[in-house]
Amino acid sequence: MAVKKVTAFVGSARKGHTYQAVRSFCDRLEAAGDVRTEIVSLSDYRIETCRGCKACFTRGEDRCPLADDRDALIALMLASDGVVFASPNYSFQVSGLMKCFLDRLGYVFHRPCFHGKTFTSIVVQGVHGGGKIVKYLDFVGMGLGFTVVKGTFSTAFDPMTAKEERKRDATLSKQAEKYLRQLACPAGRVPGLFELMIFRYARTSMSIELDDSNRDYRYYRDRGWFDSAYYYPTKLGFAKRMAGGLFDSLFAGMSKARAS
Ligand SMILES: Cc1cc2nc3c(=O)[nH]c(=O)nc-3n(C[C@H](O)[C@H](O)[C@H](O)COP(=O)(O)O)c2cc1C
């Protein structure tokens with residue numbers, strides 16, 4: 001296998017428990033021999049707060065009025081075979097730093113571009129709530145186009161106990177094994193029903209409600225997504241082909257009703 005590049009983005013402003021968890025995960029990936037990892041602390045980058053103008057959605061990401069490091073961070077992801085989003089639990093959600101970063105990626109949910117790349121999430125909580133944050137980050141990964149390996153969370157308050165550390169490392173070991181397996185087969189996997197539904201919803205509503213003055217519309221049109229079964233070539237079984245047809249009709253009806 002050619003050497004694979006994995007970049008982990010850490011949403012804690014300090015080199016604390018989240019960084020350590022990511023370090024432990026990356027060490028396990030590198031122990032496999034043909035993986036090179038890089039840990040990126042989001043706090044080392046300038047990430048502005050989205051102003052909500054939606055220029056990125058309609059006119060294109062190059063029309064964003066903010067001048068920060070968004071594109072440098074996206075370039076790091078595009079140059080990677082795998083990506084990790086890691087965050088501490090702050091007030092029962094990802095950290096503000098991580099959330100600002102995700103908001104800056106908002107247009108990518110409209111125009112996913114990370115297909116064929118592997119994703120997972122790592123969360124560290126003090127007491128409670130990490131599981132929901134993992135689910136949130138994994139959902140974000142799917143929305144951005146990644147193939148998601150289920151994320152994990154661990155518990156660490158200061159100081160982290162030896163028992164907590166052992167438990168964290170055992171969890172991260174299993175996560176790393178699954179991640180490596182996915183990393184080794186980057187061909188897009190057959191989508192689940194929910195992923196298929198999201199694709200059909202997006203493309204059907206765009207084709208009916210938008211036109212080529214809109215950046216999302218042009219992105220879908222240029223990739224042939226208005227006519228394809230999914231974002232990338234894939235073999236849908238009979239049931240999914242039927243479901244896809246139903247989704248198309250259902251969402252077309254909804255879009256036409258909205259437009260009338
Ligand atoms: C501002 C702030 C808010 C936090 N909120 C929560 C919380 O809602 N639930 C929780 O379990 N832990 C919470 N914690 C604890 C952290 O998630 C925990 O200590 C974590 O290990 C910190 O990661 P770090 O060492 O990478 O900064 C909070 C910590 C801080 C600083």
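Computed from a predicted model, the values in this text were never measured in an experiment. Counting starts at 1 for both ligands and their atoms, in listed order.
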Tyr220 meets the ring-ring contact (aromatic ring centres under 6.0 Å, His included) criterion, sequence neighbours left out, with Trp225
Worksheet item: Do Ser154 and Glu164 have a side chain donor and acceptor closer than 3.5 Å?
Response: no
**Q.** Pi-cation contact, Tyr217 with Arg221 (under 6.0 Å, within 45°)
**A.** no
By chain and number, the residues contacting ligand 1 below 4.0 angstrom (heavy atoms only) are Ser12, Arg14, Gly16, His17, Thr18, Pro88, Asn89, Tyr90, Ser91, Phe92, Val124, Gln125, Gly126, Val127, His128, Ala156, Phe157
Grouping ILVMFWY residues whenever side-chain heavy atoms fall under 4.5 Å, the cluster of Phe157 otherwise contains none
The complete set of ring-ring contact (aromatic ring centres under 6.0 Å, His included) pairs with one or both residues in residues 44-71, sequence neighbours excluded, reads Phe57-His110
- Message: Can you confirm whether the side chains of Thr155 and Gln125 place a donor and an acceptor under 3.5 Å from each other?
- Response: yes
